[in-house]
Participant: 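Just passing along the structure, written as structure tokens.
Computed from a predicted structure; not experimentally measured. Naming convention: chains lettered A, B, ... in sequence-line order (proteins, then strands); numbering from 1 in each chain.
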There are 2 protein chains.
Amino acid sequence: MGTSFSDFDEEIGLPMAAPRTHHSGDVSNHDDEQNLTQMGVAMPFPTHLSRPTIARVRPQVDCGRRPAKAAVGDLVRIEADAFVDGHDVVCCLLRYRHDADAKWTTVPMESLGNDRWRGALPVNELGRYRFAVRAAVDRFATWRRDLASRDAVGQGASQDFLLGAQLLQEAARRAKSDDRRRLSLIADQLRLPVVNLEHEITAGVVNSSGASLRDVVFSDWLALLMIDNDDPSHFVTSEAFFITSDPTRARFSSWYELFPRSAAADPLRHGTFADVEARLDYVQAMGFDVLYLPPIHPIGVTGRKGRNGVTSAGKTDPGSPWAIGAREGGHTAVHPELGTLEDFRHLVRAAAARGIDVALDLAFQASPDHPWVQEHPDWFHHLPNGTIRYAENPPKRYEDIYPLDFRGLEWRALWHELLEVVLFWVAQGVTVFRVDNPHTKPFAFWEWLLASVKAEHPETIFLSEAFTRPRVMEHLAKIGFSQSYTYFTWRSAKWEIEAYLNELTRSDVADYLRPNFWPNTPDILSEELQVGGRAAFVSRFVLAATLCSNYGIYGPVFELQEHVPRERGSEEYLNAEKYELRSWDVKDPRNLSDFIALVNQIRREHPALQFNDALIFHSVDNEKIIAYSKTRTTRQDSDVIVVVVSLDHESPQSGWVALDTVALGIEQATPYVMHDLLTDARYVWRGARNFVKLDPTGVPCHLFSLEQSPDAIAVRS
Amino acid sequence: MGTSFSDFDEEIGLPMAAPRTHHSGDVSNHDDEQNLTQMGVAMPFPTHLSRPTIARVRPQVDCGRRPAKAAVGDLVRIEADAFVDGHDVVCCLLRYRHDADAKWTTVPMESLGNDRWRGALPVNELGRYRFAVRAAVDRFATWRRDLASRDAVGQGASQDFLLGAQLLQEAARRAKSDDRRRLSLIADQLRLPVVNLEHEITAGVVNSSGASLRDVVFSDWLALLMIDNDDPSHFVTSEAFFITSDPTRARFSSWYELFPRSAAADPLRHGTFADVEARLDYVQAMGFDVLYLPPIHPIGVTGRKGRNGVTSAGKTDPGSPWAIGAREGGHTAVHPELGTLEDFRHLVRAAAARGIDVALDLAFQASPDHPWVQEHPDWFHHLPNGTIRYAENPPKRYEDIYPLDFRGLEWRALWHELLEVVLFWVAQGVTVFRVDNPHTKPFAFWEWLLASVKAEHPETIFLSEAFTRPRVMEHLAKIGFSQSYTYFTWRSAKWEIEAYLNELTRSDVADYLRPNFWPNTPDILSEELQVGGRAAFVSRFVLAATLCSNYGIYGPVFELQEHVPRERGSEEYLNAEKYELRSWDVKDPRNLSDFIALVNQIRREHPALQFNDALIFHSVDNEKIIAYSKTRTTRQDSDVIVVVVSLDHESPQSGWVALDTVALGIEQATPYVMHDLLTDARYVWRGARNFVKLDPTGVPCHLFSLEQSPDAIAVRS
């Protein structure tokens, strides 16, 4: 992968390097150069004298060595500094192409002031795009600007017109037939003995009659024509940067995790793929689009863990699905009690028919009973005495799991087998994978594996389950993971949530790491959910689903508000599904599924919630209330969502929200309507500061859609 | 210059690229590889599986394409992320060398937590240093950590000892004689049938008797020995980054600008170099170390400007020194009325004897009477009708100045001549230059010129006088200017000063741009000085001299508090020295010279004021009072300076300063002494919040040195 990032095309120059060739054409004077060399000039002369500097191109990951991420349908905002010494006008262009395109597309970038430029790259295909920024001194625009300022004070001079004629004639020489004729004609006009900008222009230059020379000289079309026909050697081009284009679902997804073996209606029976299929309507009704299943493979017997994770399993204990591999097979087999491979494919098809992707778990480790242990002992770690090393986190030992030796003598065969595992499931229709503990395997492995899969299957999505140090989590995203678990589960205080979200959405991290927020997982029952009651479940759910365009819950324990830990101080669930069959009554009246369905519907209807880049926090004079907004503006429409959540799950809280009205485009003087999409209530707000009160016994949050004026009430009702 | 930055040595690898060779030695299995290729693996396998990732190396300018800056005597702080997948221990090294050194020096970096590492590069010579960060998985440290955690719970196992023996034996094979023997002996101990960490170690491993195996295994010397003898292929090395090493004065300098022609004691006489020499005692007494003279060359007659810049000069008007060139010569000639070249050299030597550098002005432009106009008409811009183009900023025209055509047909000869100009003055003993309007000449020119001069004269210092857009000012610093004028002159409000200084001292800009703060210049009499009276002069002076390690004033107009503008709304001085002879009575009792001398003395005595990197602003509950600190800690000493300045030049202001006591190392409970170095008063402060009151009729600022406890009073008095 590394090498492909330096796959620059021939025109690419280093943006910071000294300019390369003389801008006014071929002026090499060999005698002169030789004389100067004899004079003892220490440094070689530069070869370009007038090309702009291009710097700070964004998005840019690790100085361009890694791709930034985008999703199909995105309009990626590209920015760069471009400037030149002196007062000349710079023109700045964005060019891009998909790997499959033969030609670059070039579009102008707009000036944002202070030498910053912006352009938009439309991502329409899966795969990889490359882009570069080009800039040149725009001599015609410079001439035109100076002419205009002289013209404004009545200083028009024939010398200026002759200079302009020179530029036009130069461009004409490079232009094609029709353009050449037009440029020459305009140049001729500027060379007339007495030039007057009010002169009516000769027919043939423009179609409309009555256009003056001034109209033509200052027209947009002439400006573009002059750029198109400028000497290409005037341009400097940045190095190429890369963007990986993933499916839209990589950016916007709602995940639901369940244990298939607990999906049976009969609490005593081991659930099957058919049972999961029967639950698809329930999952669809809640509005989820990814259904993630923990490992579905045969489970080892040796060292099998019992209920609540005890080391000696009872005879009927089903074991942890992550202890993969038994007599019946390993990572490409299905647990016989779940059904057959055909049952699984049927489930995948049934889910797809509902717009739901079935996601599998990639846990690259083995139980001692995995076929690989006998067939490929070299894929495991060995102690000097020849025994296989079990997993350990000293001084803890996990005798029931053998980690794979990704760097052993047979690493290539192992890696290839693991690639085959992924491709096997892709062949069964699975394109979304949750990857277990990727940080305990080599970065080099993931980079190779993900690139290998995506080369053939750019539609695949990989969620990194790395709960580890920040730099490691970031690096996994850089080397190819599409989405990443985060620290959200442990961020409870307002300042923690704000600081963490600003890091995820406003720093460079946002260019390559897509967060996926989970209020709970089978491994994490947070303290907040243990003690906070229903209000905690509702508010943590709303935070996850509105702060982050990708989120997920582990159900049905979440919507049924399971909250008892295995023991005090533990984040493990009591009687966790990881170690035993459970049965869930999703018809329980306490089920939050209707609320979840409503929030997921709002997410689908409001594009603002499908992106993270426009997240802004607004101040509230109460540390127990958090307020934030997301906006999405298209040519047709502006979608503004404002969320206010109480972080207190016991007592009512109230306070004054101070909205950043400038950022939200709210006029201070005009009242506006905040439509709470959760309750359908509408509130008329005025100015920045408005009062809110939230009660944990009701809905402890507002999920507002901003309606610009009170008239909207009439329109909508 | 560009190419030299990619002058990597052979061991350099891309820090982000996939690892390159297998860490456990040569395991290439060609049959196997071939089989896998036939299996259709899309991506090539990586060649290194266990090397750490190195990222975010600092300082790093433009992804390493440009050097960062340091000064002789600095200990440059180098930081980097270095981390690896899994739980292995990483070791991280800094290596560096001066261009003149044949070998790298390698020193360990210390872990700052969160995968961040820090090392120090001591800059002792002028010129250029390169550095790189190296990292490897430290297998011995990993083994030792795991052994310690097992040992702590009494889990010692012979398998662990054998693993350790393997590592030691591997290192022994690479070690030199004595080390080899020691490593082998320790390995032997670990291979004994029954190993006990309490075993007394065999003689010959350590000198001291009675050392146990545990003492040896966990010793620092063994850890370093194992790193030294690790397989070099285990290491990954970042690309090389560069640091330019300038004279210490580039980092810490106090500039004084004066017009030599106004230095005469007799107000009617044109001042001379001898008059300037007579004023050296005055300049030295004030404590300045750079004496900067506006251009000292013959002044053109054609189009000469009169008093206050009017376009028609009177017969006796001396003209602007920046209209360089006349019958008597150009950029290498001296104005006859100032004296001879020998007089100038005498001045330079006399200044040097006082520790003062004479700085000259490089203004690369010509009056119409400059010899170059006749000798090299091609060095100027020509209009289509053949006339030379004068300077203009449309619609304004400057008929009296011809800009040079840095991109004309004869550009190489012109550039070479300008280089010769600089080298001429270097030959006269000048090493410090203030460069006039560098942003109106090509970046490529400056990059070439400065590199050419510094290749032979790394002792030179160039101050960029570019008052233009931020990106352009930054770029000039990146391509070689040693110091830069700034926007300080126009930053008056507290929030403006804080924001601007945070940008200059805390962003990446601090790595390459050295600000030089000027309260006034011959072109800029700020509005604040026009209306603020003596208090404005004092507080702007203290701000410049304590916020910034490099600063300067244009005198004697500054210390004499000249403050009348040419006209209302103008920043030009009335009767400016730029256009006429003036005479200054430095014995005027209002002269601020004693105050200036005191502040410059404090700057020399307090290292904290000689750097900008530890600047911190502290909050004050009054927008008219600004408070900040600078600290410098060495092994011997800690220097803490706290400055409090009133920004109100009319009325007294008071408020509570809330010091960041953690940053300053102040214990909340213990009172401490703030010694005002301006008044010699001592105040006992307690905790973070303390009261200040500043009066514009007295000294409107405090310049405190922090003395840690009230006992210090007794010690010092």
Side-chain angles (χ1 to χ4, degrees), chain A residues 1-2 14 16-19 23-24 27 32-33 36 39 41-43 45-46 49-50 53 55 62-63 65-66 81 83 85-86 114-115 146 149-150 153 155 159 162-163 383-385 394-395 407 409 411-413 416 419 439-444 447-448 451-452 455-456 469-472 475, chain B residues 1-2 14 16-19 23-24 27 32-33 36 39 41-43 45-46 49-50 53 55 62-63 65-66 81 83 85-86 114-115 146 149-150 153 155 159 162-163 383-385 394-395 407 409 411-413 416 419 439-444 447-448 451-452 455-456 469-472 475:
Chain A
M1 283 299 285
L14 285 177
M16 299 303 175
H23 86 282
S24 31
V27 292
D32 190 30
E33 265 187 275
L36 291 176
M39 283 187 236
V41 175
M43 293 291 146
F45 284 115
L49 308 188
S50 292
T53 296
D62 287 345
C63 293
R65 290 194 190 95
R66 303 281 178 193
D81 291 342
F83 54 89
D85 43 81
N114 243 341
D115 299 312
D146 294 349
S149 55
R150 268 192 279 271
V153 294
Q155 280 186 358
Q159 293 299 314
L162 288 178
L163 280 172
L383 290 171
N385 68 3
R407 302 179 178 103
L409 284 175
W411 64 278
R412 288 188 184 82
H416 185 262
L419 172 60
H439 57 294
T440 60
K441 288 95 187 173
F443 290 139
E447 185 163 28
W448 171 85
S452 298
E456 295 300 314
R469 285 131 43 221
R471 296 300 91 73
V472 173
H475 194 65
Chain B
M1 285 298 287
L14 285 177
M16 300 302 175
H23 86 285
S24 33
V27 292
D32 190 28
E33 266 185 276
L36 291 176
M39 284 186 236
V41 176
M43 293 290 146
F45 282 116
L49 307 188
S50 292
T53 297
D62 286 346
C63 293
R65 291 195 189 94
R66 303 282 178 191
D81 292 343
F83 54 90
D85 42 81
N114 242 341
D115 298 312
D146 294 348
S149 55
R150 268 191 278 271
V153 294
Q155 280 187 358
Q159 292 299 314
L162 288 179
L163 281 173
L383 290 171
N385 67 2
R407 302 178 178 102
L409 285 175
W411 65 278
R412 288 186 185 83
H416 186 261
L419 172 59
H439 58 293
T440 60
K441 290 95 188 171
F443 290 139
E447 185 163 30
W448 171 86
S452 298
E456 295 299 312
R469 284 131 43 221
R471 297 299 91 72
V472 173
H475 193 66

Participant: So how far is it from B:Phe45 CZ to A:Ser452 OG, rounded to the nearest 0.5 Å?
Facilitator: 7.5 Å

Participant: Could you tell me the separation between the OG1 atom of B:Thr53 and the NE2 atom of A:His475, rounded to the nearest 0.5 Å?
Facilitator: 3.0 Å

Participant: Measuring from atom CZ of B:Arg471 to atom CG of A:Asn114, what distance do you get when rounded to the nearest 0.5 angstrom?
Facilitator: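 One finds 5.5 Å between CZ of B:Arg471 and CG of A:Asn114.
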
Participant: From A:Leu419 CG over to B:Met43 CE, what is the distance, rounded to the nearest 0.5 angstrom?
Facilitator: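 Interatomic distance, A:Leu419 CG to B:Met43 CE, rounded to 0.5 Å: 10.5 Å.
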
Participant: Would you mind telling me which of A:Cys63, A:Pro470, A:Pro442 has the largest number of heavy-atom pairs within less than 4.5 Å of chain B?
Facilitator: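 So the answer, after comparing A:Cys63, A:Pro470, A:Pro442, is A:Pro442.
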
Participant: Can you tell me which of A:Leu162, A:Asp85, A:Leu163, A:Asp81 forms the most heavy-atom pairs within a distance under 4.5 Å of chain B?
Facilitator: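 If we count pairs closer than 4.5 Å to chain B, A:Asp85 comes out on top.
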
Participant: Is any side-chain heavy atom of B:Asp115 closer than 4.5 Å to one of A:Val472?
Facilitator: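 With C-beta onward as the side chain, the pair touches.
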
Participant: I need the minimum non-hydrogen distance between B:Trp411 and A:Pro46, along with the two atoms involved.
Facilitator: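 Closest approach of B:Trp411 to A:Pro46, heavy atoms only: CH2-O, 3.3 Å.
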
